[in-house]
Structure formats: structure tokens, C-alpha cells
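Side-chain atoms are counted along with the backbone in the values below, which use heavy atoms only and exclude waters and symmetry mates. Proteins come first, then strands; the chains are lettered A, B, ... in the order of their sequence lines, and each starts at number 1.
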Amino acid sequence: MRLSIFEKAVLEATRKIPFGRVTTYGEISRIIGRRRASRAVGNALNKNPYSPIVPCHRVVKSNGKIGGFNKGIKAKVKMLASEGIKVRDGRIFDFQKLFYHF
DNA sequence: GCCATGGCTAGTA
DNA sequence: GCCATGGCTAGTA
């Protein structure tokens, strides 16, 4: 499977999110210079061939809600939990504090 | 034309 | 809730 320039940029940025932290689709789009492509970022992460090495489970929505995951939301929540990140009714607990700003 | 988003507005309580 | 957004793919010709 061949990755586009855009997809590579998305994965490269995502790789930098530290363990136990989260960021947003919008933050990724901003940092790679495609400010309005947050949705396209989600599309790219959907195809992440390197999960969980490239930790796309640490990317969530700008409002602190979980967002999607190709193996199902449940799996995403479990992976986050394994890093000490709690989810309270579909939302990241302490979102502001855990938000990794590039 | 689809979609793992985001930001804004109306309008409820 | 609505809709602009942008990258990608299926599938036509």
C-alpha cells in the first residue's frame, strides 16, 4: 500500500505524540501546514499501517470527544486506558491538561 | 461522492 | 444541527 505525501506527513506528526498525551485532528492538520484539512487527517489515520507504533489512538476531536478508530471505539478507549488516559462518557478526562500542543 | 472534523448559529431552558 | 473543507478512491470511458 502506497502512502501519499500528505499521509506520510500526517503519520510523521502523529508519531511525535508522547505516551499518555492526546492531540486533535485539527492540531495535526495545523502543524503539517494544512489548516483546514482536519477531516482529511482523520481519513489518513484511518489507513495507518503502523498502528500502534504510530499512535493514532492518541488523536481525538477538538471538543475532547473520542473521534473514530478503524478497529472500533472500544479498542481506542482501551488503548488510551492502558496509558492512563480516562474516558468519561465519550470524552477525554482532563482534556486540557493532556492536550499535547506541537 | 465519501468521511476517524470543526466551527458557528439558532434556540431551549 | 448544518455545512464548508480537502484528500482519496471507485469506476467510467
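Between the P atom of C/dG7 and the NZ atom of A/Lys8 lies a distance of 16 Å, rounded to the nearest Å. Atom NZ of A/Lys65 is separated from atom P of C/dG1 by 11 Å (rounded to the nearest Å). Atom CZ of A/Phe6 is separated from atom P of C/dT5 by 16 Å (rounded to the nearest Å). Rounding to whole angstrom units, CD1 of residue A/Ile92 and P of B/dA4 are separated by 18 Å. If you take CD of A/Glu7 and C1' of B/dA4, they are 14 Å apart, rounded to a whole angstrom.
The stretch residues 22-49 of chain A comes close to DNA chain C through A/Arg34, A/Arg36, A/Ala37, A/Arg39, A/Ala40, A/Asn43, A/Lys47, each having a heavy atom under 4.0 Å from the strand.
Contact check on A/Arg30 versus A/Glu27 returns a salt bridge, with a Lys/Arg side-chain nitrogen under 4.0 Å from an Asp/Glu carboxylate oxygen. For A/Glu83 and A/Arg58, the salt-bridge test passes: some basic side-chain N is under 4.0 Å from an acidic carboxylate O.
Between A/Ser51 and A/Lys71 the shortest side-chain heavy-atom distance falls below 4.5 Å. Counting only heavy atoms from C-beta outward, the side chains of A/Leu3 and A/Pro49 approach each other to under 4.5 Å.
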Identify all side-chain donor-acceptor contacts of residues 90-102 of chain A below 3.5 Å with residues at least two apart in sequence or on another chain.
unit_1	atom_1	unit_2	atom_2	d
A/Arg91	NH1	A/Asn63	O	2.4
A/Asp94	OD2	A/Lys97	NZ	3.3

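An OP1 or OP2 oxygen of C/dG7 is reached within less than 4.0 angstrom by no side-chain nitrogen or oxygen of A/Ser4. Put simply, A/Ser62 has a side-chain N or O that comes within less than 4.0 Å of OP1 or OP2 on B/dG6.
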**OP:** With pairs defined as Watson-Crick or G-U wobble and both distances under 3.5 angstrom, please note down DNA chain B as a dot-bracket string, | for pairing with another strand.
**Re:** |||.||||.....
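Between the side chain of A/Lys76 and the backbone N or O of A/Val59 there is at least one donor-acceptor pair closer than 3.5 Å. Using modelled atom types, no side-chain atom of A/Asn46 and backbone atom of A/Phe69 make a donor-acceptor pair closer than 3.5 Å.
Note on A/Asn63: nothing from the nucleic acid sits closer than 4.0 angstrom, heavy atoms only.
For A/Arg21, the CZ atom is densely surrounded, since the number of other residues' heavy atoms within 6.0 Å is greater than 12. The neighbour count for A/Lys65 NZ, taken as heavy atoms of other residues, nucleotides or ligands under 6.0 Å away, does not exceed 12.
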